[in-house]
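Inspection log for the structure reproduced underneath, given as structure tokens.
Only this structure's heavy atoms are used, side chains among them; waters, hydrogens and symmetry mates stay out.
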Amino acid sequence: MYNITRDYIRLGNSRSGQKIQRVRFIVSHDTGNPGSTAYNNWSHFNNNQPSASAHTFIDDKYILEMIPLNEKAWHVQYNKPIDNRMFGDDANDAAIGVELCWGGKINFQEAYKRYVWYHAYLCKTFNLDPRKHIVAHQTLDPERRSDPINALKRHGITWEKFINDVVYHFQWESKPKVLGVSKGDLTVRIQKGDKGEMVKLIHFFLASLGYTQTKHVEIDEYQDFTVDAVRRFQEDQKLRKPTPGVVDFETFSAFAKVLHVYYKDRL
Ligand SMILES: [Zn+2]
């Protein structure tokens, strides 16, 4: 789990203290200011108090909530109609605004992982659906804004991939039971030609770790690409008694262990 730093700026133009009645969606932004860190932004908003703001700024070190999530921030212009059409309310009154910091010395991968994780965390916290309730600022204000799609694109990430990545973390958080699979369930080896939920779970593991692609998650048949990905995973894990391309208990345990670590340092 990542730490969330709650360090609120003082009240003023950027932070009115007005309350949000109910969080209905999330607006994803980027700062559009290469190299400016979360705390650089904190200082700017705290000291200069511009009449624009967002709740949370994320860089490679901090997930920094600078406005409490039960208060309004000013991150989408009120006269824009698309938020009302999509969500029945103005973003400032009903959405959390999340800013990605990038460029300069900011390590994009680290910042991106935190940005993805935090969106999943917000969805869980406010009972939102990552596929329905996350919107890019660009979508709400296409004439003036291209964030965060432009910043993501610079690093080879499409909006669809971003949402898929959020869905991963969200699903994982919603199903911690996958780690509780008992030994008895795994006396049979899972290998090429097998079908079913266990195969889907293995595809989920492989995709979560980057051995296969997101689109493979829904496939319930153990195919050649599965064999190949499992073999690469086993090699990387340096298993004691490897069964190349076949998931036995040792391999499954390695998935569970790695994913636990993998997720634990994120969740
Ligand atoms: Zn924006």
Starting from M86, can I reach I20 by hopping between I/L/V/M/F/W/Y residues whose side chains sit under 4.5 Å apart?
no
Side-chain donor or acceptor of D59 paired with backbone N/O of K61 under 3.5 Å
yes
Is E110 salt-bridged to R114, cutoff N-O under 4.0 Å?
yes
Would you say the side chain of N41 lies within less than 4.5 Å of the side chain of C101, judging by non-hydrogen atoms?
yes
Is it the case that more than 12 heavy atoms not belonging to Y118 sit under 6.0 Å from its OH atom?
yes
Does K80 have more than 12 heavy atoms from other residues, nucleotides or ligands lying within 6.0 Å of its NZ?
yes
Might you work through the side chain to side chain contact (heavy atoms under 4.5 Å, CB included) test for R189 and F249, ending with a clear yes or no?
CA-CA 8 Å; R189 294 169 158 216; F249 183 68; over 6 Å; no
Quick one, L100 and S28 - any side-chain contact, counting heavy atoms below 4.5 Å?
no
Would you give the length of the straight line joining atom CG of N3 to atom CZ of R6, rounded to the nearest 0.5 angstrom?
9.5 Å
Is there side-chain contact between P242 and D248, with heavy atoms separated by less than 4.5 Å?
no
Would you check if V23 and L69 make a side-chain contact, meaning some heavy-atom pair closer than 4.5 Å?
no
Name all residues meeting the side chain to side chain contact (heavy atoms under 4.5 Å, CB included) criterion together with S43; count only those two or more places apart in sequence or in a different chain, and write none if there are none.
N47
Residues forming a side chain to side chain contact (heavy atoms under 4.5 Å, CB included) with S16, sequence neighbours excluded
Q18, W74
In Å, rounded to the nearest 0.5 Å, how long is the span from NE2 of H169 to CG of N164?
11.5 Å
Keeping the roles fixed (side chain from T56, backbone from E65), state whether a donor-acceptor pair exists under 3.5 Å.
no
Quick one, Y112 with D60, criterion side chain to side chain donor-acceptor pair (under 3.5 Å). Give me CA distance, side-chain angles, the key distance, then yes/no.
CA-CA 8 Å; Y112 177 72; D60 53 352; over 6 Å; no
Between F252 and F205, does the ring centroid distance fall short of 6.0 Å?
yes
Separation between CG (D83) and CD (Q77), nearest 0.5 Å, reads 10.5 Å
Non-hydrogen side-chain atoms of F87 and V27 separated by less than 4.5 Å:
no
The side chain to side chain contact (heavy atoms under 4.5 Å, CB included) partners of R10 (sequence neighbours excluded) come to N46, Q49
Given Y2, which of W117, Y62, Y115, Y121 fulfils the ring pair (Phe, Tyr, Trp, His ring centres under 6.0 Å) condition?
W117
Determine, using ring centers only, whether H203 and F225 are less than 6.0 Å apart.
yes
Does the pair W102 and D30 meet the rule for a side chain to side chain contact (heavy atoms under 4.5 Å, CB included), with working shown?
CA-CA 8 Å; W102 56 275; D30 74 75; 3.0 Å; yes
Taking H216 for its side chain and Q213 for its backbone only, find out whether a donor-acceptor pair lies under 3.5 Å.
yes
Keeping to residues at least two apart or across chains, list the ring-ring contact (aromatic ring centres under 6.0 Å, His included) pairs with something in residues 122-142.
H29-H137
For the residue pair V167 and P130, establish whether any side-chain heavy-atom pair is separated by less than 4.5 Å.
yes
Value rounded to 0.5 Å, distance of CD1 in I67 from OH in Y8:
10.5 Å
What heavy-atom pair brings S53 and S14 nearest, and what distance separates the two atoms?
OG-O, 2.8 Å
Treating T212 as the side-chain partner and A207 as the backbone partner, does any N or O pair qualify as donor plus acceptor under 3.5 Å?
yes
Run the side chain to side chain contact (heavy atoms under 4.5 Å, CB included) check on V246 and I190 step by step: do they pass?
CA-CA 6 Å; V246 174; I190 307 161; over 6 Å; no
Report yes if some heavy atom in the side chain of H55 is under 4.5 Å from a heavy atom in the side chain of M66; otherwise report no.
no
K200 vs V217 side-chain heavy atoms within contact, under 4.5 Å:
no
Got more than 12 heavy atoms from elsewhere within 6.0 Å of NZ, K19?
yes
To the nearest 0.5 Å, what is the distance between CG (D141) and CD (E143)?
6.0 Å
Is any NZ, NE, NH1 or NH2 atom of the basic residue among R232 and D236 found under 4.0 Å from an Asp or Glu carboxylate oxygen of the other?
no
Output yes when a side-chain donor or acceptor of E221 lies under 3.5 Å from a complementary backbone atom of D194, and no otherwise.
no
Under 3.5 Å donor-acceptor pairs involving side-chain atoms of residues 88-99, not counting sequence neighbours:
from: D90; atom 1: OD1; to: N84; atom 2: ND2; distance (Å): 3.4
from: N92; atom 1: OD1; to: H75; atom 2: N; distance (Å): 2.8
from: N92; atom 1: OD1; to: V76; atom 2: N; distance (Å): 3.2
from: N92; atom 1: ND2; to: V76; atom 2: O; distance (Å): 2.8
from: D93; atom 1: OD1; to: K72; atom 2: NZ; distance (Å): 3.2
from: D93; atom 1: OD1; to: Y78; atom 2: OH; distance (Å): 2.6
from: E99; atom 1: OE1; to: T31; atom 2: N; distance (Å): 3.2

Salt bridge check: are D228 and R231 linked by an N-O gap of less than 4.0 Å?
no
For N127, I'd like to know if atom CG has over 12 heavy atoms of other residues, nucleotides or ligands within 6.0 Å.
no
Atom CG of N48: over 12 foreign heavy atoms under 6.0 Å:
yes
Output yes when K241 and E250 qualify as a salt bridge under the 4.0 Å nitrogen-oxygen rule, no when they do not.
no
To the nearest 0.5 angstrom, please state how far the CZ atom of F108 sits from the CD1 atom of I106.
10.5 Å
Test side chain to side chain contact (heavy atoms under 4.5 Å, CB included) applied to W42 and T37, step by step:
CA-CA 9 Å; W42 187 96; T37 65; over 6 Å; no
Does D224 pair with K192 as a salt bridge, N-O distance under 4.0 Å?
yes
Between F45 and F57, how do the two ring planes meet: parallel, tilted or perpendicular, split at 30° and 60°?
tilted
Quiz: residues 149-157 side-chain donor-acceptor pairs under 3.5 angstrom, not counting sequence neighbours:
from: N150; atom 1: ND2; to: S146; atom 2: OG; distance (Å): 3.3
from: H155; atom 1: ND1; to: A151; atom 2: O; distance (Å): 3.0

